[in-house]
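See structure below.
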Amino acid sequence: MARFSTPRGTHDILPADWPFWRFVAGHAEQAAQLFGYQRIETPILGPTELFLRTSGEGSDIVDKEMYTFEDRGGDSLALRPEGTAPAVRAYLEHGMARLSQPVKLFYIEPMFRYDRPARGRFREHHQFGCEAIGSEDPYVDVEIIALLAQLYRRVGLRDISLHINSIGCRECRPHYVEELVRHLEANREDLAERDLERLQTNPLRVLDSKEQQSQAVIEEAPSILDWLCEDCREHWKRVQHGLTLIDQPFVVDPRLVRGLDYYTRTAFEFLADTDGSWLAVGAGGRYDGLAEAIGGPPVPGIGFGMGVERVVAMVKDSGAEIPQQMAPDVFVAHMGDDAADRALVDVMRLRDRDIPAVMAFGQRSLKTQMKQANALGARNAAILGEDEIAGGTVTVRSLTTGEQRSVPEHDLVQDIAAEN
RNA sequence: GUGACCGUAGCUCAAUAGGCAGAGCCCUGGAUUGUGGCUCCAGAGGUUGUGGGUUCGAGCCCCAUCGGUCACCCCA
C-alpha cells in the first residue's frame with residue numbers, strides 16, 4: 001500500500017503556518033483596499049490558448065512549464081501559470097470598459113508552473129496580484145508600485161529594493177532591439193554560448209544574463225533608455241518623478257527586462273537580499289499590448305505579482321511577532337456521562353454568545369484535560385464533575401491566575417462574559 | 001531541463017570500521033480519590049523514502065527510482 005504525499009513542488013499549508021499566511025494575506029488585502037483595488041477571483045483553469053497568446057511561444061512558461069491537458073470534451077485547458085491574462089480576460093469578457101477607468105483588481109490565488117523545485121520556487125505557489133486596467137497614466141504605475149512597497153513595510157520586511165526600467169513600446173523597442181542585436185553580433189566571439197542562443201530567440205534576455213563571460217559585452221551594450229520614443233520617454237520621466245514625490249527609493253536598471261512578451265514601458269522588480277543572493281519577491285510591469293493580443297480592443301494596463309510563499313518565508317525568518325490563532329476563552333473539562341452532557345450544552349451556550357469555547361472529548365483524567373486546556377492556551381477551565389452536577393454549579397478556574405471559583409451553571413456565560 | 005549534495009519516529013537529530021535502530025521534543029498514561037505550567041517514571045510511535053544488488057550480515061557499499069536542497073536555467 002503506497003503512502004501518499006503532496007505532488008512534487010506542492011505543499012500543505014498547515015495550521016501552524018496559518019498565522020503567517022493570514023498575516024501576509026490580510027495585509028495584502030488591506031493594502032489593496034486602501035489603494036482602491038477590488039477583489040476578483042478567476043477560475044484556476046484557463047483556456048490553454050489564452051496563455052499561449054499572452055506569454056508567447058518561446059517563453060519558458062509556455063514551452064515547458066504549463067500544466068496543460070485536454071478535458072473530456074476535448075478542450076485544451078491549462079492550470080493558470082500567472083494572473084494577469086485571466087484578469088484582462090475577465091475585464092474584456094464582462095465589459096469592464098464601461099466602468100470608470102482604470103479598473104483596479106486584486107487577487108490572491110494559486111499559480112502552477114511545471115518547474116524544478118528549489119528554495120522559494122514551487123510548482124504550486126500563491127500570488128498576490130494587482131492589476132490596474134484602462135489607463136496609461138504614469139501615476140497609475142507609481143501607485144501600484146507604492147502599494148507593493150507599502151505592503152512590504154506593513155509586514156515588517158526591510159532590505160527590499162525596487163529596481164525599475166522602461167522597456168519601451170512596440171514603436172520604439174524594435175529599433176532598440178535592432179541596435180542591440182547589431183552590438184551583440186559584432187561581439188559574438190566574446191559572448192557565452194548560452195547567450196548566443198538567446199541572441200537568436202530573445203535578444204533582450206541577453207541583457208540580464210548572469211554568464212560571466214558575457215558581462216563585458218553587456219556592459220557596453222546600448223541602453224534601451226536611450227532609444228525610447230517621445231511618448232515612452234515622457235512616460236518614463238513621469239514615473240520617476242512620481243516615485244520621487246512620494247519618497248519611494250528606486251534603482252534604475254536598464255538591463256531589467258521581462259520574460260513575457262506583452263510587457264511595455266514600465267518594468268519593475270522588488271528584490272530581497274536573502275543570505276547573499278537576491279530573490280524577486282514581487283515583480284510586474286505595464287502590458288499595454290495584452291488586451292489586443294487576446295482579441296480585445298487596445299486597453300492599457302499594469303500589474304504585479306507577489307510570491308506569497310516567499311514573503312511568508314521571509315516574515316517567518318524575521319522573527320516578527322505574528323498574531324496567533326484565537327485561543328479559547330473557556331475549556332470545558334468534565335468527568336462522567338452526565339457531566340459530558342452538561343459540557344456539550346454549556347459549550348454551545350458560550351459559543352452562542354460569541355465566546356470561543358471548546359470541550360474535552362473522550363473520558364480522560366481531569367489532569368490530562370487540564371493539560372490540554374493549558375496547551376490550547378485557554379484562559380479559563382470550566383470543570384464539571386459529580387459535585388458540580390449535584391450542586392448545579394460549575395467550577396471556573398482561571399488558567400492565568402490559578403484562581404478558582406464556583407458559579408451557578410446558568411450564570412456561566414454571564415460570568416465569563418463579565419470577565420472580558 | 002543540466003550538475004552536485006542529502007533522505008533514519010510527527011519534528012530536530014544520533015548510531016565506531018558493514019554486526020540487535022537510539023535520544024530529545026511532541027503525544028498517551030501515571031507520581032494518595034477531581035486540577036494545567038516545572039520535575040520525575042512509564043508507554044506508544046520505524047519495512048532507515050522506495051525497488052533491486054553485493055555480503056554470513058546493509059541505516060552504512062553499488063544501481064535505479066521518488067523526494068528535498070544548492071548552483072545553473074527561469075522566475076514570484
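Residue numbers begin at 1 in each chain, while the letters A, B, ... track the order of the sequences.
Residue A/R8 has a polar side-chain atom (N or O) positioned under 4.0 Å from OP1 or OP2 of B/G68. When the side-chain nitrogen and oxygen atoms of A/R121 are compared with OP1 and OP2 of B/C72, none of them lie within a distance under 4.0 Å. Look at A/R113 and you won't find any side-chain N or O under 4.0 angstrom from OP1 or OP2 of B/C75.
Under the ring-ring contact (aromatic ring centres under 6.0 Å, His included) criterion, A/H163 pairs with no residue at all, not counting sequence neighbours. With sequence neighbours excluded, no residue forms a ring-ring contact (aromatic ring centres under 6.0 Å, His included) with A/Y37. With sequence neighbours excluded, the residues that form a side-chain contact (heavy atoms from CB on, under 4.5 Å) with A/E178 are A/R182. A search for side-chain contact (heavy atoms from CB on, under 4.5 Å) contacts involving A/L399 returns A/M370, A/A373, A/A378, A/A381, A/R397, not counting sequence neighbours. Checked against side-chain contact (heavy atoms from CB on, under 4.5 Å), A/Q363 has the following partners two or more places apart in sequence or in another chain: A/D337. Applying the side-chain contact (heavy atoms from CB on, under 4.5 Å) test to A/D17 and every residue at least two apart in sequence or in another chain returns A/I13, A/L14, A/W21, A/K316. In terms of the ring-ring contact (aromatic ring centres under 6.0 Å, His included) criterion, A/F361 has no residue partners (sequence neighbours excluded).
The side chain of A/N374 sits closest to B/G36 out of B/A76, B/C74, B/G36. Looking at the side chain of A/A118, the nearest of the listed nucleotides B/G68, B/C74, B/C70 is B/C70.
If you check residues 15-33 of chain A against RNA chain B, you find no residue with a heavy atom closer than 4.0 Å. Only at 4.0 angstrom or more do the heavy atoms of residues 142-149 of chain A sit from any atom of RNA chain B, so none qualifies.
One side chain, A/E309 or A/H126, offers a donor N or O that lies under 3.5 Å from an acceptor on the other.
With salt bridges taken as basic N to acidic carboxylate O contacts below 4.0 Å, one links A/R349 and A/D346.
Residue A/F304 is out of contact with every strand shown, counting any heavy-atom pair closer than 4.0 Å. Within the nucleic acid shown, A/S398 comes within 4.0 Å of at least one base atom, counting heavy atoms only. As judged by a 4.0 angstrom heavy-atom cut-off over every strand, A/G402 is placed among the base-contacting residues.
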Side-chain donor-acceptor distances from residues 40-51 of chain A under 3.5 Å, at least two apart:
unit_1: A/T42; atom_1: OG1; unit_2: A/R80; atom_2: NH1; d: 3.3
unit_1: A/T48; atom_1: OG1; unit_2: A/S76; atom_2: O; d: 3.1
unit_1: A/T48; atom_1: OG1; unit_2: A/S76; atom_2: OG; d: 2.8
unit_1: A/T48; atom_1: OG1; unit_2: A/L77; atom_2: N; d: 3.3
unit_1: A/T48; atom_1: OG1; unit_2: A/L77; atom_2: O; d: 3.2
unit_1: A/E49; atom_1: OE2; unit_2: A/R53; atom_2: NE; d: 3.1

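The one candidate from A/E388, A/E386, A/E409 that meets the salt bridge (Lys or Arg N to Asp or Glu O under 4.0 Å) condition with A/R342 is A/E409.
Taking atom NE2 of A/H334 as the reference point, atom C1' of B/G36 lies 16 Å away to the nearest angstrom. Distance CD (A/E309) to P (B/A76): 13 Å, rounded to an integer number of Å.
In RNA chain B, consecutive stretches of 3 or more Watson-Crick or G-U wobble pairs with both distances under 3.5 Å are given as paired ranges: B:1-7 with B:66-72, B:10-13 with B:22-25, B:27-31 with B:39-43, B:49-53 with B:61-65.
Mapping A/G9 and A/H125 onto RNA chain B by nearest heavy atom places A/G9 at the nucleotide closer to the 5' end.
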Summary of protein contacts for nucleotides 28-34 of chain B, nucleotide by nucleotide, where a base hit scores B, a sugar-phosphate-only hit scores S (4.0 Å, heavy atoms): SSSB--B
